[in-house]
Structure formats: C-alpha cells, structure tokens
Amino acid sequence: MTLDESDRKLLNLAQDGIPLEARPFHALGRELGMTGAESIRRLKALVEAGLVRRIGPSFSPAGLGYATTLVAARINAEEFDRAVEFINGFRQVTHNYERNHYFNVWFTLIAADRDEIEDILDRVRRRPGVEAVVNLPSARRFKLQVRFDAGA
Amino acid sequence: MLTEKDRAVIRALQKGLPLEEQPFAALARMAGVHESALLGKLAEWKRTGLLRRLGAFVRHRELGYSANGMVVWNAAEDRIEAAGRRLAREPGVSHCYERPAAPGFPYNLYCMIHGRSRAEVTDKVAALARELGINDYEILYSVRELKRSTPEFFVEDQS
C-alpha cells in the first residue's frame with residue numbers, strides 16, 4: 001500500500017491516541033482536514049493492508065492486578081521448534097522472539113501472580129532441549145512508549 | 001477496586017475499537033453500560049495510567065523499522081537512574097527498564113531500540129554508550145518473531 005502524507009499523519013495521530021469522545025474519528029479527521037468518514041475509510045485500509053495491527057487499548061497489567069516478567073531461555077537447535085511451540089501454547093506468553101545470542105529465545109509473560117509465572121517456568125525448564133531459563137522481572141520502568149513515526 | 005461493570009468495559013474494549021462513527025456507543029452496548037459512563041471510566045483510567053493508551057498499534061516492520069534491537073547494559077548502581085532517564089529521552093527507544101542482574105546474565109538496564117537498518121541502530125547505540133560512559137553492553141537483534149498476541153484480561157473464567 002502506498003502511503004500519502006495524510007495516511008502518515010493519520011498513523012501518527014492515531015498512535016498518539018483516539019480521542020475519548022462520542023465521535024472520535026470526526027475529531028481526528030478535523031485535525032487532518034478530512035471528514036470522520038474519510039479517516040475511518042483510511043484506517044480500515046491501513047488495517048486491511050497490515051500496517052495497523054489493531055486499534056484498541058493498552059492497559060497496565062500491574063494496574064489490573066497481573067504479574068509480568070521477561071524471560072530469557074536457551075533452546076538447542078534439535079528441539080527448538082517443539083520447545084517454542086510448547087512455550088507459545090501458554091496464553092500467558094504474549095510476545096516471543098528469537099534473538100542472536102547465547103540466550104536465543106526471549107518471551108514476556110502476563111500472569112495472575114508470581115506463583116503462576118514460576119509454575120509456567122518450571123514446566124518450560126523440564127522440556128527437552130531447554131538448556132536454561134532465566135526470569136528477568138523489571139524493578140523500575142523508565143519508558144514505555146511504543147510509537148513509530150510514520151514519516152509524515 | 002474494579003467493579004464487575006469495569007471488567008465488562010475492559011472485556012469489550014480489548015476486543016478492539018470498532019471503526020465506526022460512534023464506537024464508544026457500540027462498546028457501551030456490549031458492556032451493558034451507558035456511553036457516558038464508559039467514556040467517564042476511560043477518561044479516569046487514562047488519568048491514573050491504568051489505561052496507558054487507546055490508539056493504533058502499527059506493524060513497525062511494515063513502516064520500515066527492520067532493525068529492532070534489545071540493548072542490555074551493565075551500568076554501575078549509582079548510574080542506572082541517570083542512564084535510564086537518558087535512554088528514555090531517545091526517540092528511537094520504545095522500552096526501557098531496570099531489571100536486577102541474574103546469574104549468568106549480569107546486565108541491569110534493558111532498552112528496545114528501533115531503526116531502519118542494523119547499521120543505524122549500532123551507530124546510535126555506540127553514540128549512546130559513549131555519552132553514558134557504559135562500555136559493557138550487548139545488542140540482541142530480533143531474528144524472528146515467534147509469537148505476538150494481545151493480552152486478554154478477565155477472560156480466564158469465561159467459557
């Protein structure tokens with residue numbers, strides 16, 4: 001999909017936040033000099049084209065009473081796919097990435113509490129091919145702002 | 001304390017904001033509350049930080065951000081705060097957390113940094129390292145996305 005200037009501005013504004021009012025896309029459109037209907041049309045196209053993953057909320061898991069952590073794991077080549085499939089099978093695993101390092105699998109967990117996290121990690125540790133699992137919970141947050149400039 | 005109505009609003013909202021003229025009215029119907037009550041809750045949660053953001057989440061690789069590195073730093077204890085604040089000011093940094101050093105992994109400051117090429121990211125990190133005075137760091141690039149799902153809250157007891 002070719003993005004024009006308006007698409008790029010819309011992507012940036014939409015990432016900044018959808019206004020909390022009854023006709024939010026009308027308000028967004030006004031900032032961009034377009035109608036609400038056009039901003040909706042463009043957003044649908046951006047979703048369709050795979051540029052926008054979703055339009056929705058990001059809640060603070062801790063604020064909602066959940067426990068979170070980052071986990072580093074080392075999985076051998078032979079069992080890699082099977083072990084990753086096992087890890088991904090947990091609904092508590094939200095993101096999982098392969099990285100170029102001794103610890104080659106990194107995933108985030110959002111669970112009911114620390115006990116549930118430890119239970120999951122114990123089960124992961126017992127899987128064939130899983131050579132190491134390191135729990136890396138955060139002590140302090142300096143920044144969480146997932147916003148990518150669309151180049152407007 | 002979250003009420004049952006709060007949880008109903010959260011369950012409705014996390015399905016996604018409908019792309020229609022009055023999306024909050026649609027969500028309010030789903031949650032069984034008035035639109036004004038829903039908007040009031042969202043505004044309050046935004047104010048307290050419970051709702052971090054309500055917006056578009058992009059596929060950044062599609063926007064050209066093909067280099068995504070997790071940089072792990074080994075900062076002196078009394079330098080962590082200053083380093084964390086400096087990294088937070090960097091536009092290409094999306095995440096920055098202090099994590100206690102673990103056995104086998106001595107790093108205590110982690111950040112995600114994004115760029116249009118690995119060269120761009122490596123250069124930027126090298127410049128940050130010089131500025132921070134931290135030369136013990138590693139950049140772990142994402143080789144493959146294995147799973148990416150949106151967290152779903154309060155659905156564990158739903159059938």
Side-chain angles (χ1 to χ4, degrees), chain A residues 11 14-18 20-26 36 40 43-44 47 50-61 63-64 66 70 72 84 88 93-101 103 105-107 110 112 132 134-148 150-151, chain B residues 2 10 13-17 19-25 35 39 42-43 46 49-60 62-63 65 70 84-85 87-88 93-100 102-105 110-111 114 138 140-153 156:
Chain A
L11 275 170
Q15 287 185 83
D16 289 339
I18 305 295
L20 295 177
E21 49 190 90
R23 287 182 167 77
F25 302 113
H26 176 77
I40 288 173
L43 284 170
K44 281 184 176 170
V47 171
L51 278 150
V52 170
R53 194 189 302 271
R54 68 182 174 100
I55 298 176
S58 171
F59 285 103
S60 160
L64 292 177
Y66 287 75
L70 174 68
V84 164
N88 287 349
V93 170
T94 47
H95 299 174
N96 193 2
Y97 286 89
E98 181 181 4
R99 296 190 187 281
N100 60 341
H101 192 265
F103 291 105
V105 173
W106 291 74
F107 55 96
I110 301 181
V134 185
N135 190 10
L136 300 159
S138 67
R140 191 165 25 165
R141 180 174 76 230
F142 290 105
K143 185 175 188 179
L144 178 57
Q145 189 179 88
V146 184
R147 183 199 184 280
F148 296 91
Chain B
L2 289 177
I10 289 168
L13 183 59
Q14 70 189 354
K15 286 183 165 52
L17 191 68
L19 284 172
E20 50 192 74
E21 204 180 306
Q22 292 186 270
F24 299 112
E35 183 185 14
L39 283 169
L42 296 186
K46 191 85 179 42
L50 181 65
L51 177 63
R52 287 189 200 135
R53 175 162 42 136
L54 177 59
F57 292 83
V58 301
R59 289 205 167 85
H60 54 284
E62 303 297 320
L63 281 176
Y65 294 91
M70 184 175 73
R85 288 182 192 284
L87 288 169
V93 168
S94 57
H95 302 64
C96 185
Y97 288 88
E98 177 187 359
R99 300 179 190 276
F105 207 68
Y110 292 51
C111 70
H114 310 272
E138 290 188 68
L140 287 74
Y141 285 102
S142 308
V143 166
R144 192 163 41 129
E145 183 178 279
L146 301 172
K147 180 179 181 182
R148 165 73 84 136
S149 65
T150 307
E152 285 192 296
F153 301 104
E156 298 87 2

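To find a chain, count down the sequence lines: A is the first, B the second, and so on, and within it residues start at 1.
Residues satisfying the side-chain contact (heavy atoms from CB on, under 4.5 Å) criterion with A/Arg23, sequence neighbours excluded, are A/His26, B/Glu21, B/Gln22. Under the side chain to side chain donor-acceptor pair (under 3.5 Å) criterion, B/Gln14 pairs with no residue, sequence neighbours left out.
By the 30° and 60° cut-offs, the orientation of the rings of A/Phe148 relative to B/His60 is parallel.
If you check the side chains of A/Ser138 and B/Arg99, you find no donor sitting under 3.5 Å from an acceptor.
The part of B/Glu20 that comes within reach of chain A is its backbone (N, CA, C, O), which places non-hydrogen atoms under 4.5 angstrom from that chain. Heavy atoms of A/Phe107 lying under 4.5 Å from chain B are absent altogether. Heavy atoms of A/Val84 lying under 4.5 Å from chain B belong exclusively to its side chain. Residue B/Tyr65 touches chain A through its side chain alone, counting heavy-atom pairs closer than 4.5 Å. Using a 4.5 Å cut-off between heavy atoms, B/His95 touches chain A through backbone and side chain atoms alike. Proximity to chain A (any heavy atom under 4.5 Å) is restricted, for B/Leu2, to the side chain, taken from C-beta onward. In this structure, chain B has a heavy atom under 4.5 Å from the side chain of A/Phe25, while its backbone stays farther away. Both the backbone and the side chain of A/Leu64 have a heavy atom closer than 4.5 Å to some heavy atom of chain B. Only the side chain of A/Val134 comes within less than 4.5 Å of a heavy atom of chain B; its backbone N, CA, C and O stay farther away.
Scanning all heavy atoms of the two residues, the minimum distance from B/Val93 to A/Lys143 falls at O-NZ, 2.8 Å.
The shortest distance between side-chain heavy atoms of A/Tyr97 and B/Leu146 does not fall below 4.5 Å. The shortest side-chain heavy-atom distance between A/Pro61 and B/Arg52 falls under the 4.5 Å cut-off.
Comparing B/Ala102, B/Gly55, B/Pro103 by how many heavy-atom pairs each has under 4.5 Å with chain A, the most go to B/Gly55. Note on B/Glu62, B/Met70, B/Arg59: by heavy-atom pairs under 4.5 Å with chain A, the leading option is B/Arg59. Between chain A and the options B/Pro23, B/Gly104, B/Ala43, the largest number of non-hydrogen pairs under 4.5 Å is found for B/Pro23.
A/Thr94 places no side-chain N or O within 3.5 Å of a backbone atom of B/Thr150 that could act as its donor or acceptor partner.
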